[in-house]
Number of protein chains: 4
Amino acid sequence: MSSEISPAGATRGRPRSDEVDKAILRATSELLSERGLDAMTIEDVAARAGVGKSSIYRRWPTKGTLALDAFLNDFLAQQPPVDDGTLKGDLQEALTLWSSAVVGTPTGRALVALVAEAQHDHVLAQGWIERVMTPVREQHRTMVVRAIERGEIPADSDIDVIMDLLYGAAYHRLLQGHLSITPEFIELVARMVAEGAKSGAASSH
Amino acid sequence: MSSEISPAGATRGRPRSDEVDKAILRATSELLSERGLDAMTIEDVAARAGVGKSSIYRRWPTKGTLALDAFLNDFLAQQPPVDDGTLKGDLQEALTLWSSAVVGTPTGRALVALVAEAQHDHVLAQGWIERVMTPVREQHRTMVVRAIERGEIPADSDIDVIMDLLYGAAYHRLLQGHLSITPEFIELVARMVAEGAKSGAASSH
Amino acid sequence: MSSEISPAGATRGRPRSDEVDKAILRATSELLSERGLDAMTIEDVAARAGVGKSSIYRRWPTKGTLALDAFLNDFLAQQPPVDDGTLKGDLQEALTLWSSAVVGTPTGRALVALVAEAQHDHVLAQGWIERVMTPVREQHRTMVVRAIERGEIPADSDIDVIMDLLYGAAYHRLLQGHLSITPEFIELVARMVAEGAKSGAASSH
Amino acid sequence: MSSEISPAGATRGRPRSDEVDKAILRATSELLSERGLDAMTIEDVAARAGVGKSSIYRRWPTKGTLALDAFLNDFLAQQPPVDDGTLKGDLQEALTLWSSAVVGTPTGRALVALVAEAQHDHVLAQGWIERVMTPVREQHRTMVVRAIERGEIPADSDIDVIMDLLYGAAYHRLLQGHLSITPEFIELVARMVAEGAKSGAASSH
DNA sequence: CCCTAAACGAGACGGTACGTCTAGTCTTATG
DNA sequence: CATAAGACTAGACGTACCGTCTCGTTTAGGG
């Protein structure tokens, strides 16, 4: 698990046990869906995993970073690359995949809780960017690059802003809870972002 | 303060003291900017305000709802209506106002913490929608209505989605912290949303 | 309970509950005899007494001082004054009373553990002297005073040393465990101390 | 070190290292005077000695027995036999030697801690009797035997009780801390015990 | 002008989880 | 085998807050 604190030296002393890693992450996943990050305690995890508390603290500095590792297994597998032939189609498909992984699911509740937790856990915040935001955006960046190659949108389009509009709208409804994420919403967002992108050269003000 | 629990009966007994209200909200505001919602405890607030804990619990059910009241004073005053003559100009101006109230300010840190807290405090979540989201969107709805009246965008545009795109992108950067909110970002978002809106009839898939 | 930390002001706030005091001391007494001071934990006491841990820490700074209070109830009642008419008889009777309270009893195990604990708990050490050693010696001082008045022993006898010889020998066997405390031992100690006291003027070297 | 657990078989495999023994005992001695038995942990000792924890556990079953070995080196050398010509003189000299080894010294603090520890470490308690109490008393027994041979005290004197009176008084002040051990105290104790011994036949009640 | 009911400051209450620490055991790679 | 290193389970420590609950006191109407 890449976010773990690695043992200082290297091969001296008893090595960390993989069994323990797995048991902790399994217990964390379970508790995360059963009661959410906030109601999950380190002591719960240790008890459920049949592990001493120090074996957890030895690996993860905070509850949030532990939860992040447990979350990643589930989440990333559900965000494969897409290719529909049009920018609007790609955006819609990506957002549909995201929403089906996240809306009303345990994974989604974990995501929401992690974003919340990251607001006061800076280690988690950094891990979140590096291990969730960056990979997902990197993967989806190709959608936009293909659209540029097809001549659908300007060559100097700001890919980051396109991503922010697409996911921003979705995260907004997920986190603020003022309206729900429906297929119609997704279709409209994808259409408007794709359309807006056509006029979206990076800096023409 | 409208979110307070009001005394059941009516006028018997000693009335609630306005001094106490003010002292609590002042202490909350201070502590909120000094150390953030998460590190602020009810006991801190009581001590700072020179007030018994029960005088706080009598008025607000959770730490979040208390913080919401303290936040609202500061925030809403800073979001006046705008009118620039074009949709893109209105959107840009509204977002600029928002960002100057929120980016790098104590108010912004409070906002972020409140959104986080609302993820596991349902009373707060409801209050957040009713007392922050709804008023702000209501106020800004006129921007879009004017654009429709001017014939800039279709009559059946989905105002909610336009708002979600605009604020969603901004909240996204604020909450995820992967990129910063610059004037260029705001300009580009406003332009792309305005452009996208031109093709954004509510349901044409 | 005189060793408790008393509340700062006086009558402000909710007063300490006598019920809680009693429950804690009862639980402590029980656990002390069931498993000894060392194996007794504050958490055990709290659970047994049906009390929060903080209600214990609020009153007693260390496990030792808590145990001391629990011990005192039992012990002091068992050390009434004696009067036999002769010094040797008084000493023998006092030591017999002490030994029957202490040898092979839960109270005795508590005493031994407290003396041990006092070696690294200075607050307890001071409390032990003030609330056990001093009262017992004060009470028994009259035995020696009467012996002086009867002319049995010199007027300038060192009462402290007489006490140290009498109790010292007994504590020695109790704590070192090299030999046991029998009636014959007690009789002989009492006789030898009484006899030694006849030549024991305070400073004739 | 006689209290160590000896290796089961004999000569198979890598032999125990004397260096390790010495390093452990040296580290123990140092830590014992620096912070006392109670604050000394096995992990401290291992770290200071540059040794694995298991190399300590392989040799000594408990912290107390380890400390006992470290203590013995220092202590026993300081208790040579005495011969003054009179019982009172011998007792006084023996007690003076003991007090100068023990009162206000690191050795003394170790002794006190060991007696305390022995109250809940039965292996240590047994070792204490066998390797401290017994040798010292055996050595000093000759003082009393000589006094009997000189006709100073009855032939059927109880040597154990004489020792208990002498050392008991001293240990009492050392452990209870209610009064200090001065030359005057020692002189008076020696005189009173010697005097008491003249009437101290074993069982004449 | 008293009476009564509620609000007030203070702080004790039963709980719960924290993150740290030590104990004593176990598991590596290296001598 | 013994060794140094250090991970392992277990569980107590003392602290910090939680939200509730007494206290004695204060402050208003309503009778």
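Keep in mind that what you see is a predicted model, and the values were worked out from it rather than measured. Computation of the quantities below employed the complete heavy-atom set of this structure, encompassing side-chain atoms and omitting hydrogens, waters and symmetry-equivalent molecules.
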### Message
Heavy-atom nearest nucleotide on DNA chain F for A/A49 versus C/R14: which residue maps closer to 5'?
### Response
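The residue closer to the strand's 5' end, by nearest nucleotide, is A/A49.
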So, is [X] near the phosphate of [N], with a side-chain N or O under 4.0 Å from OP1 or OP2?
{"X": "A/R59", "N": "F/dC8", "result": "yes"}
{"X": "C/S55", "N": "E/dG14", "result": "yes"}
{"X": "B/R58", "N": "E/dC8", "result": "yes"}

Rounded to whole angstrom units, what separation is found between the [atom1] atom of [X] and the [atom2] atom of [N]?
{"X": "C/D38", "N": "E/dT22", "atom1": "CG", "atom2": "P", "answer": "16 Å"}
{"X": "D/D21", "N": "F/dA2", "atom1": "CG", "atom2": "P", "answer": "13 Å"}
{"X": "D/I24", "N": "F/dT3", "atom1": "CD1", "atom2": "P", "answer": "8 Å"}
{"X": "D/K22", "N": "F/dT3", "atom1": "NZ", "atom2": "C1'", "answer": "17 Å"}
{"X": "C/W60", "N": "F/dG14", "atom1": "CH2", "atom2": "P", "answer": "15 Å"}
{"X": "B/R16", "N": "F/dT26", "atom1": "CZ", "atom2": "C1'", "answer": "16 Å"}
{"X": "B/R48", "N": "E/dG9", "atom1": "CZ", "atom2": "P", "answer": "17 Å"}
{"X": "D/I56", "N": "E/dT25", "atom1": "CD1", "atom2": "P", "answer": "13 Å"}

### Task
Sorted by first residue and then second, give each salt bridge (charged side-chain N to carboxylate O under 4.0 Å, His left out) pair with at least one member in residues 45-54 of chain B; sequence neighbours left out.
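Output for this query lists B/E30-B/R48, B/E34-B/R48, B/E43-B/K53.
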Is it true that a side-chain atom of [X] and a backbone atom of [Y] form a donor plus acceptor pair closer than 3.5 Å?
{"X": "B/K22", "Y": "B/S17", "value": "no"}
{"X": "C/S29", "Y": "C/R26", "value": "no"}
{"X": "D/S55", "Y": "D/V51", "value": "no"}
{"X": "C/R109", "Y": "C/G36", "value": "no"}

Please write out the pairs of protein N or O atoms and N or O atoms of nucleotides 15-18 of chain E separated by less than 3.5 Å, giving the distance to one decimal.
{"residue": "E/dG15", "atom": "O6", "partner": "C/S54", "partner atom": "OG", "Å": "3.2"}
{"residue": "E/dC18", "atom": "OP1", "partner": "A/I42", "partner atom": "N", "Å": "3.3"}
{"residue": "E/dC18", "atom": "OP2", "partner": "A/I42", "partner atom": "N", "Å": "3.2"}
{"residue": "E/dC18", "atom": "OP2", "partner": "A/E43", "partner atom": "N", "Å": "3.3"}

### Task
Compute whether any side-chain donor of one residue and acceptor of the other, for C/D74 and C/T107, lie under 3.5 angstrom apart.
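There is no such pair (donor and acceptor under 3.5 Å, judged by atom type) between the side chains of C/D74 and C/T107.
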### Query
When you match D/T62 and B/G13 each to their closest nucleotide on DNA chain E, which lands nearer the 5' end?
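Between the two, 5'-proximity favours B/G13.
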### Message
So, taking the atom named CG in C/D38 and the one named CD in D/E117, what distance separates them when rounded to the nearest 0.5 Å?
### Response
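Between C/D38 CG and D/E117 CD, I get 7.5 Å after rounding to 0.5 Å.
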